[in-house]
Amino acid sequence: MRIVIACDSFKGSATAAEVCAALGRGWQRVRPADDIIVRPMADGGEGTLDAFEAGIPGAVRHPIRVTGPLGEAHEASFLTLPDGTAVVELASTSGITLVPEGGLRPLDATTTGFGQAVASALGAGAVRVLLAVGSSCSTDGGAGALTALGARFSRADGTAIASGARGLADLASVDLDGLPALPTGGAVVLSDVTNPLTGPTGAAAVFGPQKGATADDVVLIDRWLTHYAELMPGDPGSATAPGAGAAGGTGFGLLAWGATIQSGASFVADLLDLPGAIAEADVVITGEGRFDDQSAAGKAPSVVLDVAEQADVPALLVAGSITADTTRFAATVSLSELAGETASALQDPTHWLERAGETLALAHPAI
């Protein structure tokens, strides 16, 4: 049999490539003759660079130094693909995993490093840029990233505003004339959310608390983002565009540059030719760290499941924990249940992923 394994990362525990490899080892302990096809997935968040690097032959990683989300120097990288496309990841340049535990600063965190990485990719001659914007810790509307690219955000006295959401409170003028032209192939924002910039489903209200924002902070940040949108040149409707609220409003800022927004998981699936791989498979395994109600809204497992159903191939699910409906999957395994508790699964995720691969190979009814 041919088994396609297309999982996202288990955030903080294992990369997508590590997850897929561990599941494959476990499966082949039970069925060593089966052909394992690995397609590490991503949805624009943490692990997107790893997924492209693992899935596209000839991808090259370029190390760079950027300003981290709280102003510290940080070693990062971007990726170039054989066709001249560059992939830049917010998670590894300005993301929440770069902030020490207990150190979230929702009013001050910035996307400056992400913009610096984009500038480096453009400077290296990228003909197209893919901008993976998940896993952020800031809500600055992308002002930090645009500043790093050449935009000016000024107070009434002409001085530059402070970094982070806090700076937007003093914003009096926006000048985008210093932004570089888009590369010939354009700029595509890869996002796993469809939220607008502001309002009850906007960047501050929905994602601010995850970044350390209090209820009072959320009100302030939403007000500042509304003011920011009013001053931003370009299409005023961009603030309500699906995905404008991604990465604390970075989606909106990148739209002002001229980028487009697409579903991260769907884009990655197409670029890796996941439909072609699944069309020739007998079984598909997908998964992520936590499978919950948000997973159905464009996350990698839902995209893989849709592709599998279109090809009439049974799909199996592995997740660290499962709290949403899984009736569309032929079989599921929760690592927390398999290990007996979440702490055990987190302590040695590779072991339990291998066990999950064994369990699915033994249990799947089509085998």
Side-chain angles (χ1 to χ4, degrees), residues 1-43 45-56 91 97 265 268-269 272 274 277-278 280-292 295 299-305 307-308 313-324 326 328-367:
M1 291 177 56
R2 173 168 291 185
I3 315 300
V4 169
I5 305 179
C7 294
D8 202 345
S9 63
F10 281 40
K11 291 179 174 55
S13 299
T15 67
E18 290 168 344
V19 171
C20 293
L23 288 169
R25 288 193 299 271
W27 184 282
Q28 288 196 310
R29 285 175 188 161
V30 177
R31 297 180 57 88
D34 286 349
D35 187 15
I36 303 293
I37 308 298
V38 170
R39 290 289 186 272
M41 282 290 294
D43 56 20
E46 177 188 356
T48 300
L49 285 189
D50 294 334
F52 278 109
E53 187 175 35
I56 299 180
T97 59
V268 171
L272 300 180
L274 186 64
I278 289 178
E280 299 179 352
D282 297 291
V283 174
V284 178
I285 304 175
T286 188
E288 62 180 349
R290 177 181 175 84
F291 187 81
D292 55 21
S295 299
K299 298 281 190 177
S302 68
V303 169
V304 175
L305 176 61
V307 174
V313 175
L316 318 181
L317 173 71
V318 177
S321 64
I322 299 174
T323 59
T326 60
R328 292 170 62 196
F329 290 96
T332 65
V333 174
S334 162
L335 299 192
S336 296
E337 293 182 6
L338 193 64
E341 59 179 357
T342 300
S344 296
L346 289 172
Q347 187 174 4
D348 192 356
T350 299
H351 168 75
W352 294 108
L353 284 163
E354 292 176 355
R355 285 284 305 277
E358 295 174 12
T359 301
L360 289 175
L362 288 167
H364 180 51
I367 297 172

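The first residue of the sequence shown is numbered 1, and numbering continues consecutively from there.
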Notebook entry, point to check: Looking at side-chain heavy atoms only, is the closest gap between M41 and E288 below 4.5 Å?
Noted result: no

Item checked: Beyond-backbone contact of K299 with D8, side-chain heavy atoms, under 4.5 angstrom -> no

Margin query: Side chains of T350 and R25, heavy atoms from C-beta outward: is any pair under 4.5 Å?
Written below: yes

Notebook entry, point to check: Taking side chain as C-beta onward, heavy atoms only, is V268 less than 4.5 Å from D43?
Noted result: no

Check: Once you round to the nearest 0.5 Å, how far does CD1 of I3 lie from CG of D34?
Finding: 5.0 Å

Item checked: Rounded distance [0.5 Å steps], OG in S344 versus NE2 in H351 -> 9.5 Å

Margin query: Tell me the closest heavy-atom pair linking A308 and I278, and the distance in Å.
Written below: CA-CG2, 3.9 Å

Notebook entry, point to check: Any side-chain heavy-atom pair from I285 and W27 closer than 4.5 angstrom?
Noted result: yes

Margin query: How close do F291 and A319 get, counting heavy atoms only, and between which atoms?
Written below: CB-CB, 3.9 Å

Item checked: Interatomic spacing from CD in E337 to CH2 in W352 - rounded to 0.5 Å -> 12.5 Å

Next item on the list: Verify, without hydrogens or angle tests, whether D282 (side chain) and R2 (backbone) share a donor-acceptor contact under 3.5 angstrom.
Entry: yes

Margin query: Restricting to non-hydrogen atoms, name the atom on R39 and the atom on L272 that form the minimum distance, rounded to 0.1 Å.
Written below: NE-O, 3.5 Å

Check: Would you say the side chain of C7 lies within less than 4.5 Å of the side chain of V318, judging by non-hydrogen atoms?
Finding: no

Note to self: Within this structure, what is the OG-CG distance for the pair S13 and L335, rounded to the nearest 0.5 Å?
What the structure shows: 9.0 Å

Next item on the list: Return the minimal non-hydrogen interatomic distance between A356 and L338, and the atom names on each side.
Entry: N-CD2, 3.6 Å

Item checked: Considering all heavy atoms, the nearest A339-A345 contact -> CB-N, 3.8 Å

Item checked: Identified side-chain contact (heavy atoms from CB on, under 4.5 Å) counterpart of V4 within the set V38, V307, L274, D35 -> L274

Check: Less than 4.5 Å apart, any side-chain heavy atom of V303 and any of T286?
Finding: no

Item checked: Side-chain touch F10/L346, heavy atoms, less than 4.5 angstrom -> no

Check: Between A51 and A42, what is the shortest heavy-atom contact and its length?
Finding: CB-CB, 3.9 Å

Checklist line | S336 (side chain) donor-acceptor with G320 (main chain) under 3.5 angstrom | finding: yes

Note to self: Tell me every residue that passes side-chain contact (heavy atoms from CB on, under 4.5 Å) with T97, counting only those two or more places apart in sequence or in another chain.
What the structure shows: E46

Check: Distance from S334 atom OG to L317 atom CG, nearest 0.5 Å?
Finding: 9.0 Å

